[in-house]
Amino acid sequence: MFNKRYQPYKPPYPGRPSWWLKCKLMFMQILVPLIIFQLIRTLLFPTTFDVILLTMMIVLYCSLKMKLF
């Protein structure tokens, strides 16, 4: 029906403002070095808190990567 030129624009994430996507991408960039630091710290000085914190950070990163948020 419509030409490709006249199709309406559909954002990739409908219903969410662009600031949410910017914050999510920025948080993912900050989370990678924190996970690496926490992994090194956990390998050197393993405590229960460090293992739980590392697990939570990895789960959060994976959920952001798979677009669950």
Side-chain angles (χ1 to χ4, degrees):
M1 293 282 169
F2 289 108
N3 283 340
K4 191 167 188 126
R5 193 164 91 176
Y6 294 112
Q7 287 180 351
Y9 172 71
K10 294 181 183 175
Y13 299 101
R16 293 188 180 159
S18 63
W19 62 268
W20 170 253
L21 296 176
K22 290 178 186 177
C23 289
K24 188 169 82 167
L25 290 175
M26 184 179 67
F27 188 65
M28 285 179 66
Q29 288 179 350
I30 292 171
L31 201 57
V32 172
L34 287 175
I35 288 173
I36 293 170
F37 173 75
Q38 190 64 32
L39 177 66
I40 293 170
R41 179 184 155 110
T42 304
L43 291 174
L44 294 177
F45 309 111
T47 64
T48 305
F49 177 74
D50 289 330
V51 173
I52 291 172
L53 185 62
L54 179 63
T55 305
M56 288 174 51
M57 288 169 45
I58 291 173
V59 167
L60 180 63
Y61 181 79
C62 290
S63 66
L64 289 173
K65 194 71 172 169
M66 291 189 296
K67 299 177 183 175
L68 296 177
F69 279 112

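The first residue of the sequence shown is numbered 1, and numbering continues consecutively from there.
Every residue two or more places apart in sequence or in another chain was checked for a side-chain contact (heavy atoms from CB on, under 4.5 Å) with Leu25, and none qualifies. Listed by chain and number, the residues in a side-chain contact (heavy atoms from CB on, under 4.5 Å) with Leu64 are Lys24, Phe27, Met28, Leu60, Phe69 (sequence neighbours excluded). Taking the side-chain contact (heavy atoms from CB on, under 4.5 Å) definition, one finds that Phe45 meets it with nothing, sequence neighbours left out.
Cluster membership for Leu34 and Val59, using ILVMFWY side-chain heavy atoms within less than 4.5 angstrom, is not shared. In the hydrophobic cluster analysis, where Ile, Leu, Val, Met, Phe, Trp and Tyr join through side-chain heavy atoms closer than 4.5 angstrom, Leu39 is grouped together with Met57. Side-chain heavy atoms closer than 4.5 Å link hydrophobic residues (I, L, V, M, F, W, Y) into clusters, and following such links, even through other members, never connects Leu44 to Val51.
For residues 38-64, every residue pair satisfying the salt bridge (charged side-chain N to carboxylate O under 4.0 Å, His left out) rule, not counting sequence neighbours, is listed here: Arg41-Asp50. Within the structure, salt bridge (charged side-chain N to carboxylate O under 4.0 Å, His left out) pairs that include any residue of residues 51-62 do not occur (at least two apart or interchain).
Evaluated for a side chain to side chain contact (heavy atoms under 4.5 Å, CB included) with Gln38, the options Thr42, Ile36, Ile40 yield exactly one hit, Thr42.
In plain terms, the two heavy atoms of Leu54 and Ile35 that are nearest each other are CD1-O, 3.8 Å.
Hydrophobic cluster membership for Met56: Ile52 (Ile, Leu, Val, Met, Phe, Trp, Tyr linked by side-chain heavy atoms under 4.5 Å, directly or transitively).
Ile58 CD1 to Lys65 NZ: the interatomic distance, rounded to the nearest 0.5 Å, is 14.5 Å.
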